[in-house]
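First the structure, in the form of structure tokens, and then the observations on it.
Here is the naming used below: chain letters follow the sequence lines, and residue numbers restart at 1 for every chain. What you are looking at is a predicted structure, and each value in this text was computed from that prediction instead of being measured.
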Amino acid sequence: MDRGFFARPTPEVARALLGHEIVREDPDPARLRIVETEAYLGPEDPGSHATRGPETQAGRLWEEPGQAYVYVCYGIHQMLNVVAHEPDRIGAVLVRAAEPVDGLGRMQERRGREAPTEIASGPGRLAEALGVTRSEHDGVDLTRGSLRFEAGEEVAAEQVAVTGRIGLSEGGDHLLRFLDRDSSHVSRSLADDPDHGLADVELRKR
DNA sequence: AATAGGATTTCCT
DNA sequence: GGAAATCCTATTC
């Protein structure tokens, strides 16, 4: 995926990433198909780290699209985001879940579980499966290099759902979580979100 | 099946 | 010192 892909409105990038792949070459190859993402906007979004301001680690959200923003959540889990926004704007997309395509064996080892649906069905799980850490990967260019996005097959409009974001104390009601409604590799099923919609319909309302 | 509690780092008050 | 964009295990129904 080239830089231009990420230099668009953040929710649009979150939706567009579904179906594409996140790959890692070093130290061993892994490839997963992205099935769930969330958009985090600028300081006007109460759920976004941007509320912490540009002088904090979240200052990454102000920088050039296409680079990784990796932080630690609850002291344990690494969260992989990609900076994504229009010029002079702010935001990033959290990669929340993906389906193993290649390199399953090594990912099973890192995760300590067998079932393919438990390899990367959650942001902390996904980072662990790929071996992504804040110290190693925060700020790396995800358009090229060992850890990067690669073009896969785009998910059809009628197959992409939007829901509120997960795990937020504030701003969770915004419809900014995007998922492949047919995938069994998501972090939580659509049925658990009474208030969901069709992604492209919601995006058009802006 | 559902829920409760523990793990344990990083950043900011 | 406390909160944080979570996950796993154990315990209970």
Side-chain angles (χ1 to χ4, degrees), chain A residues 6 9-11 13-15 17-18 22 32 34-63 65 67-85 90-100 107-140 142 161-179 184-196 199:
Chain A
F6 301 100
T10 311
V13 176
R15 182 259 176 267
L17 263 182
L18 298 179
I22 175 85
L32 305 102
I34 298 165
V35 298
E36 179 181 341
T37 59
E38 278 178 0
Y40 287 89
L41 315 179
E44 76 282 4
D45 174 6
S48 172
H49 284 183
T51 55
R52 300 174 182 181
E55 306 308 319
T56 67
Q57 192 205 177
R60 188 75 69 203
L61 300 190
W62 274 256
E63 296 179 15
Q67 58 182 304
Y69 170 48
V70 183
Y71 67 91
V72 180
C73 183
Y74 295 102
I76 300 181
H77 303 288
Q78 316 274 330
M79 301 285 129
L80 173 63
N81 300 248
V82 56
V83 177
H85 54 76
I90 298 148
V93 173
L94 171 63
V95 185
R96 285 191 56 89
E99 170 181 356
M107 292 195 280
Q108 286 170 322
E109 274 180 49
R110 279 193 285 251
R111 290 277 298 115
R113 5 207 82 215
E114 293 288 313
T117 52
E118 294 188 358
I119 293 301
S121 49
R125 297 170 175 194
L126 182 134
E128 188 177 33
L130 277 169
V132 166
T133 60
R134 173 189 123 69
S135 53
E136 216 181 323
H137 299 286
D138 187 40
V140 302
L142 294 172
V162 244
T163 76
R165 292 172 295 183
I166 293 178
L168 301 191
S169 45
E170 266 184 288
D173 48 325
H174 295 115
L175 296 178
L176 291 171
R177 169 177 175 250
F178 299 84
L179 60 143
S184 53
H185 297 262
V186 295
S187 65
R188 85 161 170 175
S189 105
L190 241 203
D192 295 334
D193 283 285
D195 222 21
H196 63 260

Legend entry - Value in whole Å for how far the P atom of dA5(C) lies from CZ of Arg125(A): 18 Å

Inset, instruction - In whole angstrom, give the distance that lies between atom CD of Gln78(A) and atom P of dT8(B). - result: 14 Å

Legend entry - Sub-4.5 Å side-chain heavy-atom contact between Gln67(A) and Leu142(A): no

Legend entry - Protein-nucleotide distance (His77(A), atom NE2; dT10(B), atom P), rounded to Å: 14 Å

Legend entry - Between P of dA4(C) and OH of Tyr69(A), the distance in whole Å: 14 Å

Legend entry - Proximity to DNA chain B (any heavy atom under 4.0 Å), residues of residues 109-118 of chain A only: none

Legend entry - Close side-chain approach of Thr10(A) to Val93(A), heavy-atom, < 4.5 Å: yes

Legend entry - Pair Arg125(A) + Glu128(A), salt bridge at N-O below 4.0 Å: no

Legend entry - Pairwise side-chain contact, Leu176(A) with Leu41(A), heavy-atom cut-off 4.5 Å (strictly under): yes

Legend entry - Taking every non-hydrogen atom, the tightest pair across Ala50(A) and Ile90(A): CB-CG2, 4.0 Å

Legend entry - Candidates dT10(B), dA5(C), dC8(C) - which lies nearest the side chain of Leu168(A): dA5(C)

Legend entry - Any N/O donor-acceptor pair, Tyr74(A) side-chain to dA3(C) base, under 3.5 Å: no

Inset, instruction - May I ask you to say whether Glu36(A) pairs ionically with Arg177(A), meaning some side-chain N is under 4.0 Å from a carboxylate O? - result: yes

Inset, instruction - Rounded to the nearest angstrom, tell me the gap between atom CD in Glu36(A) and atom P in dA5(C). - result: 16 Å

Inset, instruction - Please assess Arg96(A) against Ser187(A) for the test side-chain hydrogen bond (donor to acceptor under 3.5 Å, both in side chains), listing each intermediate value before the final yes or no. - result: CA-CA 7 Å; Arg96(A) 285 191 56 89; Ser187(A) 65; 3.1 Å; yes

Inset, instruction - Examine distances only and state if a side-chain atom of Arg111(A) and a backbone atom of Ile119(A) form a donor-acceptor pair shorter than 3.5 Å. - result: yes

Legend entry - By side-chain contact (heavy atoms from CB on, under 4.5 Å) - contacts of Pro9(A) (at least two apart): Pro11(A), Glu12(A), Glu86(A)

Legend entry - Side chain to side chain, Tyr71(A) and Asn81(A), heavy atoms closer than 4.5 Å: yes

Inset, instruction - Treating a pair as Watson-Crick (purine N1 to pyrimidine N3 plus N6-O4 or O6-N4) or G-U wobble (N1-O2 and O6-N3) with both distances under 3.5 Å, list the stems of 3 or more consecutive pairs that involve DNA chain C. - result: B:1-7 with C:6-12, B:9-12 with C:1-4

Inset, instruction - Decide, yes or no, whether a salt bridge links Glu38(A) with Arg165(A) under the criterion of side-chain N to carboxylate O below 4.0 Å. - result: no

Inset, instruction - Kindly state whether the ring of His49(A) and the ring of Tyr40(A) have centres lying under 6.0 angstrom apart. - result: no

Inset, instruction - Sugar-phosphate means primed atoms, P, OP1 and OP2; the rest is base. With that split, encode nucleotides 1-6 of chain B 5' to 3' as B, S or - using protein heavy atoms under 4.0 Å. - result: ------

Inset, instruction - Mind listing the residues from residues 46-62 of chain A sitting with a heavy atom below 4.0 Å of DNA chain B? Number order is fine. - result: Thr56(A), Gln57(A)

Legend entry - Ile22(A) vs Leu80(A) side-chain heavy atoms within contact, under 4.5 Å: yes

Inset, instruction - Within residues 127-139 of chain A, find the residues that approach DNA chain C with a heavy atom at under 4.0 Å, and present them sorted by residue number. - result: none

Inset, instruction - To the nearest Å, give me how far apart CG (Leu126(A)) and P (dC8(C)) are. - result: 12 Å

Legend entry - Student check: side-chain heavy atoms of His85(A) and Pro65(A) closer than 4.5 Å: yes

Inset, instruction - Round to a whole Å and report the spacing from CD1 of Ile119(A) to C1' of dC8(C). - result: 14 Å

Inset, instruction - Using the six-membered ring of Tyr69(A), assess whether NZ or CZ of Arg134(A) lies under 6.0 Å from its centre and within 45 degrees of the ring axis. - result: no

Legend entry - Atom of Asp45(A), atom of His174(A) and distance for their closest heavy-atom approach: OD1-ND1, 4.4 Å

Inset, instruction - Please answer whether dA5(C) and Tyr40(A) are stacked, defined here as ring centres separated by less than 5.5 Å and planes angled under 30°. - result: yes

Inset, instruction - Would you kindly give the CD-to-P distance between Glu170(A) and dA4(C), to the nearest whole Å? - result: 10 Å

